[in-house]
A.B. asks: 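Quick one: the structure is below, and I'll ask about it shortly.
Each ligand, and each atom within it, is numbered from 1 in the order the structure gives.
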Amino acid sequence: MGYNVAEKIISSHLVNGSMTTGREISLRVDSTLVHDLSGLLAYIGFESLDIPSIVVSKPYTFLDHNLISTDHQSMDGHVFIRSAAKKYGSFLSLAGNGICHSLYYSRFGVPGTLLIGADSHCSTAGALGMLGIGLGGLDITVIMSGEPYCMKMPPILNIHLTGILPKGCCAKDIILTILNKISVKGGIGKIIEYNGDGVLGLTVPQRATIANMGAETGAISSVFPSDQRVREFLESQDRMECFNQLLADGECCYSEILEIDLGTVCPMAAMPSMPDNAAPVSALSDIRVNQVYIGSCANGSYTDIARAAKVLEGKRVHPDVALLVSPGTRQVFQMLLRDGYIKMMVDAGARILECGCGPCIGLGQAPPTDGVSVRTSNRNYIGRSGTKSAQVYLTGTETAAATAVTGFLTQACQVVGLDVLEQVSEPTKYIIDDSMVQAFTHDPTVGLIKGPGIKPMPVAGRLDKDIDATVILKTGDGITTDDIIPPSAEVLALRANIPALSEYLFNNLDCGFSQRARTLGNSIVVGGENYGQGSSREHAAIAPMFLGVKAVLAKSISRIHRSNLINYGILPMTFTNPCEYNYIEQGDELSIINVPKQLETQSILLENKTGKRAITATIVLSERERNILLAGGLLPYIRAKRHEGMWSSNEPVRKDY
Ligand code: MIC
Ligand code: SF4
């Protein structure tokens with residue numbers, strides 16, 4: 001029996017375990033990614049654990065998110081990260097060079113390799129025929145220090161693409177169609193692998209859009225084959241030496257197969273406020289729009305933006321609409337400038353923003369109250385744009401540009417002849433200029449520069465034997481990390497200042513949360529399905545820990561958030577019987593007796609003292625995860641291991657696998 005692409009990559013990186021679905025495996029990691037939000041705690045972790053240098057062979061650090069500095073805090077973060085990249089030895093992509101995922105697949109990624117990064121959209125690298133997996137920052141600290149990556153061997157979902165994408169449609173329409181079919185939970189626990197004749201018609205940047213938004217299905221990663229298109233792309237990026245072909249074997253197997261005929265895809269929009277809430281744009285033509293944002297790691301490529309420019313050429317942006325355009329990378333920006341596309345957009349009335357995450361994560365350009373914003377980014381969760389009452393629709397760049405012209409959600413075909421879009425093709429030669437990437441080798445003489453915006457990382461004590469806690473909040477389904485830590489310039493600037501940041505915890509849902517948490521002391525959050533979906537933001541665990549949250553009890557908890565909760569000593573429990581969700585109310589007093597003992601059985605009995613009934617929760621943990629929880633989190637766990645002589649810096653810590 002042959003291997004599929006995911007299995008080929010996994011088998012060539014196996015350090016321990018066997019590729020049987022559900023079994024623990026550990027994998028050698030080739031490269032890591034952190035940025036100016038997630039890298040703060042990742043590098044503070046290096047200092048706290050006294051790790052002298054990065055060991056992983058290709059570590060990349062990007063200054064791409066936190067580019068707005070209304071006071072010293074964000075730039076204190078940049079200065080700190082720069083000093084850490086120098087001290088521990090990392091490549092550093094400077095502010096203005098572009099968004100991490102767009103740069104990674106364009107300039108750094110190599111087919112067949114494994115990237116583990118502190119960002120949920122690391123899956124974008126799957127466009128090159130490699131695996132990219134997102135985790136929280138502290139997990140990346142230990143992986144950068146040389147530890148292998150451990151997971152359970154996932155099932156591989158095959159999405160088989162046939163046919164040809166109709167004119168006027170784009171890769172975003174494909175992934176929105178997929179999201180609509182399988183939902184934001186459809187990829188949970190799986191790797192998605194694409195194949196079929198339809199794949200050959202997709203360029204690497206188009207595949208990147210699809211692999212990027214695999215994160216929105218909850219998938220661990222998404223992967224395409226490394227084929228002729230990857231060869232052409234690497235050649236156009238002057239990186240032909242990185243190419244190696246990686247195709248699925250003819251007789252390989254998948255756990256599930258989903259067939260999509262690209263010929264049936266039409267322009268799509270994800271309606272407020274979930275990426276899977278998608279419908280054909282043609283059915284939404286009466287939606288009046290205030291703002292259009294074209295860019296992000298989902299749709300910031302050359303062809304994405306050039307096609308938008310062709311829609312805008314010779315026309316005017318509607319006077320009621322603000323059109324904001326942000327090329328994904330400086331390389332793309334330089335080429336759009338050279339080829340006249342920036343002029344076309346500026347002539348039409350577009351406002352050009354710098355290359356970075358910006359509006360995608362509420363860093364500037366928040367829409368007006370109750371405003372409607374059409375965005376080419378990947379998430380439209382409530383409040384993510386920076387305006388809680390805004391209605392955000394997600395589309396491809398052609399639809400976004402056409403919408404900017406008419407002021408209503410509009411398909412491109414209503415504004416231009418579709419042949420005009422075909423005039424744009426994937427470049428055969430990109431402009432190569434890596435002068436904004438610095439390569440630092442480990443230099444122990446460099447001191448970390450910590451301005452007042454960089455505070456020490458709080459650490460939980462050892463896990464309590466018994467827990468008595470109040471249900472501080474009971475939420476519905478689909479709570480995102482954006483609900484837990486609101487994304488805005490004001491809040492994101494505080495990512496290395498947990499005491500200040502925790503003041504904003506759950507602010508969009510419940511502005512009394514932090515005050516109540518302080519009064520209560522110990523508390524428990526109760527959630528519905530897919531609690532903590534979305535980003536890899538570990539602040540959604542560390543800030544609750546700081547305010548005394550001892551456990552999360554939900555119908556289900558998303559993969560990265562679950563691992564972040566463990567890393568910060570919070571019990572991630574799920575209802576054994578989801579109906580018991582109805583037996584708990586906000587304000588109830590819960591009690592768990594002898595937690596360490598109960599953790600051994602993977603089942604926890606909670607007594608609801610207020611509702612006067614018992615509730616059973618499930619907590620499935622590896623031995624390592626249980627020990628991390630007992631220690632009070634990953635930092636104290638590693639410190640204790642070191643104390644016992646079981647871990648020296650730069651030596652794999654996962655001896656228990
Ligand atoms: C996001 O898109 O939400 C982010 C900002 O890129 C996050 C990373 C973070 O918050 O540190 C993500 O997707 O993981
Ligand atoms: Fe940046 Fe948005 Fe991509 Fe996150 S999803 S990396 S905020 S562009």
A.B. asks: One pair to check against side chain to side chain contact (heavy atoms under 4.5 Å, CB included): Arg351 and Leu323. What are the steps and the verdict?
C.D. replies: CA-CA 6 Å; Arg351 293 155 59 187; Leu323 171 62; over 6 Å; no
A.B. asks: Under a 4.0 Å threshold between the charged nitrogen and the carboxylate oxygen, would Asp276 count as salt-bridged to Lys185?
C.D. replies: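 Salt bridge absent between Lys185 and Asp276.
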A.B. asks: Pick one of side chain, backbone, both or neither for how Arg384 approaches ligand 2, counting any non-hydrogen atom pair under 4.0 Å.
C.D. replies: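 For Arg384, only side-chain atoms sit under 4.0 Å from ligand 2.
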A.B. asks: With a cut-off of 4.0 Å, which atoms of ligand 2 are near a heavy atom of His65?
C.D. replies: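 Ligand 2 atoms under the 4.0 Å threshold to His65: 1 (Fe), 4 (Fe), 6 (S), 7 (S).
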A.B. asks: With no hydrogens and no angle check, do the side chains of Asp119 and His101 hold a donor and an acceptor under 3.5 Å apart?
C.D. replies: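 Indeed, the side chains of Asp119 and His101 share at least one donor-acceptor pair under 3.5 Å.
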A.B. asks: Could you tell me if any non-hydrogen atom of Met213 lies under 4.0 Å from any atom of ligand 2?
C.D. replies: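 Contact absent.
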A.B. asks: Select the closest option to atom 2 (O) of ligand 1 among His65, His121, His101, Arg384, judged by heavy-atom distance.
C.D. replies: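 That would be Arg384.
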A.B. asks: Verify whether one side chain among Thr124 and Asn212 offers a donor that lies under 3.5 Å from an acceptor in the other.
C.D. replies: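 Checked: Thr124/Asn212 side chains pair up, N/O donor to acceptor below 3.5 Å.
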A.B. asks: Check ligand 1 against Ser535 and write out every atom of the ligand that is under 4.0 Å from a heavy-atom position of the residue.
C.D. replies: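 So the atoms of ligand 1 that pass are 3 (O), 7 (C), 12 (C), 13 (O), 14 (O).
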A.B. asks: Would you say Ser106's side chain and Leu103's backbone share a donor-acceptor pair under 3.5 angstrom?
C.D. replies: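 The answer is no, because no donor-acceptor pair under 3.5 Å joins these two groups.
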A.B. asks: Give yes or no for whether the N/O distance cutoff of 3.5 Å, strictly under, is met between Arg537 and ligand 1.
C.D. replies: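 Yes.
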A.B. asks: Assess the side chains of Gln331 and Gln237: does a donor N or O sit below 3.5 Å from an acceptor N or O?
C.D. replies: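 Per modelled atom types, Gln331 and Gln237 side chains form a pair under 3.5 Å.
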A.B. asks: If you look at every heavy atom in Ala543 and Ile485, which pair is closest and at what distance?
C.D. replies: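 Closest pair (atom of Ala543, atom of Ile485, distance): CB-CD1, 4.1 Å.
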A.B. asks: Under a 4.0 angstrom heavy-atom cut-off, which atoms of ligand 2 come close to His121?
C.D. replies: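 Counting from 1, the qualifying ligand atoms are 5 (S).
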A.B. asks: Could you work out, for atom 8 (S) of ligand 2, the closest of Ser326, Gly295, Cys297 by heavy-atom distance?
C.D. replies: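 Nearest heavy atom to atom 8 (S) of ligand 2 lies in Cys297.
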A.B. asks: Please identify which atoms of ligand 1 are closer than 4.0 Å to at least one heavy atom of Ser120.
C.D. replies: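 Taking each heavy atom of Ser120 in turn, ligand 1 has 12 (C), 13 (O), 14 (O) under 4.0 Å.
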A.B. asks: Strictly under 4.0 Å, does any heavy atom of His35 approach an atom of ligand 1?
C.D. replies: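 Yes, His35 has a heavy atom closer than 4.0 Å to ligand 1.
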A.B. asks: On the 0 to 90° scale, with breaks at 30° and 60°, tag the Tyr60-Phe108 ring pair as parallel, tilted or perpendicular.
C.D. replies: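 Answer is parallel, since the angle falls under 30°.
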A.B. asks: Hey, does Arg379 sit under 4.0 Å from ligand 1 if you only count heavy atoms?
C.D. replies: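 Contact check Arg379 vs ligand 1: positive.
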A.B. asks: Can you list the atoms of ligand 1 that are under 4.0 Å from a heavy atom of Ile361?
C.D. replies: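 In order of number, 3 (O), 5 (C).
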A.B. asks: Using a strict cut-off of 4.0 Å, indicate which atoms of ligand 1 neighbour a heavy atom of Arg495.
C.D. replies: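 What qualifies from ligand 1 is 9 (C), 10 (O), 11 (O).
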A.B. asks: For Lys58, does the NZ atom sit with more than 12 other heavy atoms under 6.0 Å from it, leaving out its own atoms?
C.D. replies: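 12 or below, so no.
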A.B. asks: Can you list the atoms of ligand 1 that are under 4.0 Å from a heavy atom of Asp119?
C.D. replies: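 Under 4.0 Å from Asp119, ligand 1 has these atoms: 4 (C), 6 (O), 7 (C), 8 (C), 12 (C), 13 (O), 14 (O).
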A.B. asks: Going by the atom numbers of ligand 2, which of them fall below 4.0 Å from some non-hydrogen atom of His101?
C.D. replies: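 This gives 6 (S) as the contact atoms.
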A.B. asks: For Tyr88 and Phe440, run ring-ring contact (aromatic ring centres under 6.0 Å, His included): C-alpha distance rounded to whole Å, both residues' side-chain angles, the deciding distance at 0.1 Å, then the answer.
C.D. replies: CA-CA 8 Å; Tyr88 301 116; Phe440 295 120; over 10 Å; no
A.B. asks: Distance only, no hydrogens: is a donor on one side chain within 3.5 Å (strictly under) of an acceptor on the other, for Glu538 and Tyr568?
C.D. replies: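 Side-chain D/A pair, Glu538 to Tyr568: present.
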A.B. asks: Taking backbone and side chain together, does Cys360 place any N/O/S atom at a distance below 2.8 Å from atom 2 (Fe) of ligand 2?
C.D. replies: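 Yes, since at least one N, O or S atom of Cys360 sits under 2.8 Å from atom 2 (Fe) of ligand 2.
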A.B. asks: Pick, from Leu37, Asp64, Ile361, Thr124, the option with the minimum heavy-atom distance to atom 7 (S) of ligand 2.
C.D. replies: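 Ranked by closest heavy atom to atom 7 (S) of ligand 2, first place is Ile361.
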A.B. asks: Would Cys357 count as a contact for atom 1 (Fe) of ligand 2, in the sense that one of its N, O or S atoms lies under 2.8 Å from it?
C.D. replies: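 It does: Cys357 brings an N, O or S atom closer than 2.8 Å to atom 1 (Fe) of ligand 2.
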A.B. asks: Ignoring hydrogens and geometry beyond distance, is a side-chain donor-acceptor pair present between Arg375 and Ser373 at under 3.5 Å?
C.D. replies: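 There is such a pair (donor and acceptor under 3.5 Å, judged by atom type) between the side chains of Arg375 and Ser373.
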A.B. asks: Answer with side chain, backbone, both or neither: which part of Asn378 has a heavy atom less than 4.0 angstrom from an atom of ligand 2?
C.D. replies: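 The side chain, only.
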